[in-house]
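Structure record follows, encoded as structure tokens.
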Amino acid sequence: MDQARIEIQVLESLSQIAAKDWDACACPEAAEGGRPLDPFTTHRFLLALEQSGSVGRGTGWQPQYLTAYQDGQLIACAPLYAKSHSQGEYIFDHNWAHAYEQAGGRYYPKLQIAVPFTPATGRRLLVRPGAEGIGHSALVQGAVQLAADNHVSSLHVTFCTEEEAQIGSEIGLMSRATQQYHWLNDDYADFDDFLAALSSRKRKTLRKERRQAQAFGGEIACYTGADLRPEHWDAFWEFYQDTGSRKWGSPYLSRAFFDIAHEVMADDMLLVLAEREGHPVAGALNFIGRETLYGRYWGCIEHHPFLHFELCYYQAIEQAIAMGLQRVEAGAQGEHKLARGYLPMQTHSLHWIGDPGFADAVQRYLEAERAAVEEEIEILTDYGPFRKAQVEEQE
């Protein structure tokens, strides 16, 4: 392909591009009707964020979707946003912002290639099959040029794949390693089969937690696809508001997001509800990928011992096994997940800093951080709940 013929465009709305064109880059594996690897960079998910007002004016997430065309055909794209803060990202750069502004710089606005409010690993540099080399290069160079031309402090690509982190590093971006806790499916037949892989003490603890959680006085039900009903979202919105107000001050997603998502991506969602006499009292929302179940949001109007663990972690494991999925990603942070079968895994991001002196300081920080993360993962894995032989096999 002739790189000189690549045209870069910035779009302020996904309504300016056809879903089939965007998804040909974002999820080509779903072209024949299968599931995408993850739903978060699909046209339907990103447009739902936009149409619901969850991103856009007043949110600090201003869409600047990056697109690359060759001979009039979209060959690559990326969910790019102009950010006026660092909220809803989950790979934290608040200390970078503070240091830069203390030194007299202006950290915001910055540019971010990311899925808003979604700490889930996935492709961020979306390229049509056959255009990988030129597509990746066009997106990275286009984003850096956009940042430089607009005199913003920095560009960040968060929760990208390990392959993208390597590609970005080779092009000249700084790579960062952080960690999350993921559950891995070792061909388990059912939840009891998974429990058998744990040490005796951890196995007894998990069984005790599940018994106590399930004794809340009702039943636990899972809904997806056509089984989801509008009234489920009325209940879940109440849960989500409670969690959002405690964690972030106000919820990131608007109420309209859940209505739009119900219409366009019900098959991508799994809602786990604790119900008493038909009335939900707690719930956890997951998104379904081709290989992974993504735990995203939890909330409740009643507090019961271990119900959070049951709905978010144990039910997710059961459902992943039933669906034949390879892993569960249960969101950001949370060392309490380790005791429940979720092991520490590296996550990746890429960064470009316009100021050379500040870039050097960040690079030194990232090198030290990477060594610390690698050491912590090794230590935490050794302290995990699995029998020692099981841990070695999974490594």
Side-chain angles (χ1 to χ4, degrees), residues 25-29 36-38 40-41 66 68 76-81 83 86 88-93 95-96 110-116 118-129 131-147 154-182 184 289-292 294 326-327 329 331-333 343-354 358-378 381 395:
C25 300
C27 53
E29 68 279 0
L37 283 175
D38 72 75
F40 302 121
T41 55
L66 194 64
C77 53
L80 177 66
Y81 299 85
K83 292 295 307 295
S86 291
E89 297 172 10
Y90 302 96
I91 290 180
F92 303 112
D93 64 348
N95 56 340
W96 300 2
K110 62 178 183 175
L111 294 181
Q112 190 101 6
I113 295 177
V115 178
T118 307
T121 291
R123 293 169 298 198
R124 297 294 178 262
L125 307 176
L126 313 175
V127 180
R128 188 182 293 267
E132 288 84 0
I134 195 170
H136 288 133
S137 178
L139 290 175
V140 171
Q141 292 182 31
V144 169
Q145 190 64 53
L146 185 66
S154 52
L155 164 71
H156 310 267
V157 185
T158 46
F159 291 101
C160 60
T161 66
E162 184 176 4
E163 179 186 11
E164 288 175 328
Q166 180 63 36
I167 291 169
S169 295
E170 292 171 356
I171 295 175
L173 302 185
M174 296 182 288
S175 65
R176 185 178 190 183
T178 48
Q179 74 166 45
Q180 282 185 342
Y181 295 88
H182 298 171
L184 305 179
R290 178 172 289 227
E291 301 172 349
T292 306
Y294 300 91
Q326 296 179 11
R327 68 174 60 213
E329 291 192 21
Q333 303 173 305
L343 294 175
M345 301 288 169
Q346 270 198 11
T347 51
H348 304 276
S349 59
L350 291 164
H351 307 271
W352 172 87
I353 306 288
F358 189 52
D360 287 342
V362 169
Q363 181 63 57
R364 291 193 298 273
Y365 171 87
L366 293 179
E367 290 170 359
E369 183 186 47
R370 177 180 294 277
V373 167
E374 290 174 352
E375 181 180 8
E376 184 175 16
I377 287 176
E378 183 177 353
T381 300
E395 289 175 342

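From a predicted model like this one, the values you see are computed outputs, not experimental measurements. The first residue in the sequence is number 1, and the count goes up from there.
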To the nearest 0.5 Å, atom CH2 of W352 lies from atom CD1 of I113 at 12.5 Å
Within a strict 4.5 Å, meaning less than it, do heavy atoms of the F92 and S86 side chains meet?
-> no
When every non-hydrogen atom of F159 is compared with those of A120, the smallest separation belongs to CB-O, 3.5 Å
- Query: Is it the case that E170 and Q166 place a side-chain donor and acceptor less than 3.5 Å from each other?
  - Reply: yes
In terms of heavy-atom contacts, A68 and A138 come closest through CB-CB, 4.2 Å
Go through it in stages, so that I can follow the logic: the residues are Y294 and F40, the test is ring-ring contact (aromatic ring centres under 6.0 Å, His included), and I'd like the CA-CA distance, side-chain angles, deciding distance and then a yes or no. CA-CA 10 Å; Y294 300 91; F40 302 121; 5.2 Å; yes
| said: When you compare the side chain of E376 with that of P344, does any pair of heavy atoms fall below 4.5 Å? | reply: no
Margin query: For a 4.5 angstrom cut-off between non-hydrogen side-chain atoms, does M345 reach L184?
Written below: yes
The reported gap from CZ in R327 to CD in E329 (rounded to nearest 0.5 angstrom) is 6.0 Å
Residues T121 and C160: closest non-hydrogen pair is CG2-O, 3.7 Å
Looking only at heavy atoms, the pair that brings C25 and C77 closest together is CB-SG, 3.7 Å
- request: For the pair R123 (side chain) and T161 (backbone), establish whether a donor and an acceptor sit closer than 3.5 Å, ignoring hydrogens and angles.
  value: no
Rounded to the nearest 0.5 Å, the CD1 atom of I134 sits from the CZ atom of R128 at a distance of 13.5 Å
Taking it one step at a time, do E291 and L37 satisfy side chain to side chain contact (heavy atoms under 4.5 Å, CB included)?
CA-CA 6 Å; E291 301 172 349; L37 283 175; 4.1 Å; yes
Looking only at atom types and distance, does a side-chain atom of T118 sit under 3.5 Å from a main-chain N or O of P116, one as donor and one as acceptor? yes
So T292 and D38, side chain to side chain contact (heavy atoms under 4.5 Å, CB included) or not? Walk me through it.
-> CA-CA 8 Å; T292 306; D38 72 75; over 6 Å; no
Check: Are there more than 12 heavy atoms of other residues, nucleotides or ligands under 6.0 Å from atom CD of E367?
Finding: yes
Discussion item. Between E29 (side chain only) and R290 (backbone N and O only), is there a donor and an acceptor less than 3.5 Å apart?
Written reply: no
Open item on the list: Side chains of S154 and L111, heavy atoms from C-beta outward: is any pair under 4.5 Å?
Closed with: no
(Q) In terms of relative ring orientation, are W96 and H156 parallel, tilted or perpendicular, with 30° and 60° separating the classes? (A) tilted
Hey, are the side chains of R124 and T41 touching, using non-hydrogen atoms and a 4.5 Å cut-off?
yes
Quick check: does any side chain N or O of T381 sit under 3.5 Å from a backbone N or O of I377, one acting as donor and the other as acceptor? yes
task: Decide yes or no on side chain to side chain contact (heavy atoms under 4.5 Å, CB included) for M174 and V362, but give the supporting numbers first.
output: CA-CA 9 Å; M174 296 182 288; V362 169; 3.9 Å; yes
Report task. Indicate yes or no for a side-chain donor-acceptor contact from R176 to the backbone of I91 under 3.5 Å, with no hydrogens or angles considered. Result -> no
Residues at least two apart in sequence or cross-chain that pass side-chain hydrogen bond (donor to acceptor under 3.5 Å, both in side chains) with T347, listed by chain then number, are T178
| said: Set out, in order, the CA-CA distance, both residues' side-chain angles and the distance that settles side chain to side chain contact (heavy atoms under 4.5 Å, CB included) for L80 and L155, then state yes or no. | reply: CA-CA 10 Å; L80 177 66; L155 164 71; 4.1 Å; yes
Here the pair of heavy atoms bringing P79 nearest to L126 is CD-CD1, 4.2 Å
Nearest heavy-atom contact between A165 and L350 is O-CD2, 3.5 Å
### Message
Please check this pair: side chain of E89 against backbone of T158, looking for a donor-acceptor N/O pair closer than 3.5 Å.
### Response
no
For R370, the side chain to side chain contact (heavy atoms under 4.5 Å, CB included) test, sequence neighbours excluded, returns S175, A177, Q346, E374
